[in-house]
Amino acid sequence: MKTPSTTSEGSWTILTLLKWTTSYFLSHAIDNPRSTAEVLLAHALKLKRIDLYLQYDRPMHADELKAYKSLIKRRIAREPVAYITGTREFWSLEFNVNRHVLIPRPETECLVEAALAVMREGEGSDPRIVLELGTGSGAVVTALASQEPAHSYFASDISIEALAMARENSVSLGQAGIHFFVGDWLAPVCCSKACFDLIVSNPPYIPRGEINDLQPEIHRYEPIRALDGEDDGLGCLRRIITTASDCLAPGGVLLLEIGYGQKEGVEAIARQNSCYGEIAFDKDYSGILRVARLRKPNDREKWQQNDSRRL
Ligand code: GLN
């Protein structure tokens, strides 16, 4: 890599460096070259992005250039910006991320919206018990707790490293009351009684054979365990759908993020599992069916179902 040390007119300033990096990123087909340059330079200089423009003609010190150059190299090697800076915004909250956790995606905010809608049904009712499976960075459960602090929150992940990140995020964002535990989907809670009013999850759902076709940012850097949905992409969704009904309270809801084109497969699994009454799907902002909503009938509906079967 040609090093930005000095320009023909003298030393580098913030502005000349941003211009140079933008064209360098462009020539390497890096998305959003200008904003990426700004984010990385602000990170290297420990400034806010806006400050770059307030100090645009400030000359760069050699050690600042060195620090910035190493960030550029990482991005050229396709490392996601969020892992380089160690943060990603989700639900207008700033989450710390590292390579043990999936970077929160904008479409996952639809899962948060769907969960809030379920929690706000019959407003004024008792506090709800909410469980997130495969919490990763803790983004979903922390967003929910920050919006609806009166409820009880539990969250699990099979990765201890991910749980450490989730706990750190929940504490730094003022949600220290979330209970985290390690385990494989519902295994740690399967002996408890059916007590959860809401179970929410963004499980791995990419078909195994397609992972290497994803952008290098994803398949080279993000935790494969958080992406790998086994052969048909539905492996984890299937496991969660078939086991969650035993842990849901009567009338409780299971909300799952799903991938493009997975509605039919998920619907078929949910129908085979006769424990669910309502089965519905919500679209994300791109119009893709993204969230599956499966509701366990409440006792009265169940009694009516059984009763009509008897007649
Ligand atoms: N939405 C993510 C992606 O497309 C996948 C997340 C997941 O498997 N849960 O990269």
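Note that ligands are numbered from 1 as they come in the structure, with each ligand's atoms numbered from 1 the same way.
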(message) Is the contact between Leu214 and ligand 1 made by the side chain, the backbone, both, or neither, using heavy atoms and a 4.0 Å cut-off?
(response) neither
(message) Taking Ile224's backbone N and O only, do any of them form a donor-acceptor pair with Asp228's side chain (distance below 3.5 Å, no angle check)?
(response) no
(request) Work out which heavy atom in Leu234 is nearest to a heavy atom in Gly265; give both atom names and the distance. (result) CD1-CA, 3.9 Å
(request) Could you pull out the closest heavy-atom pair between Val97 and Ala82, with the gap in Å? (result) CG2-O, 3.4 Å
(message) I'd like to know if Glu267 pairs up with Arg271 as an ion pair, taking the criterion as any Lys NZ or Arg NE/NH1/NH2 lying under 4.0 Å from an Asp or Glu carboxylate oxygen.
(response) yes
(request) Would you mind telling me if ligand 1 is within reach of the side chain of Glu222, the backbone, both or neither, using heavy atoms under 4.0 Å? (result) neither
(request) Count the heavy atoms belonging to other residues, nucleotides or ligands that lie under 6.0 Å from CZ of Phe181, then report whether that count exceeds 12. (result) yes
(message) Would Asn202 count as a polar contact of ligand 1, with the cut-off being nitrogen or oxygen pairs under 3.5 Å?
(response) yes
(message) Tell me the protein heavy atom at minimum distance from atom 8 (O) of ligand 1, and give that distance in Å.
(response) Tyr205 N, 3.1 Å
(request) Using non-hydrogen atoms of the residue, decide whether Gly229 is closer than 4.0 angstrom to ligand 1. (result) no
(message) Given Glu222, which partner from the list Arg88, Arg105, Arg99 fulfils the salt bridge (charged side-chain N to carboxylate O under 4.0 Å, His left out) test?
(response) Arg105
(message) For atom 4 (O) of ligand 1, what's the nearest protein heavy-atom neighbour? Residue, atom name and distance, please.
(response) Ile206 CD1, 4.1 Å
(request) Name the option, out of Pro203, Gly259, Cys236, that contains the heavy atom nearest to atom 7 (C) of ligand 1. (result) Pro203
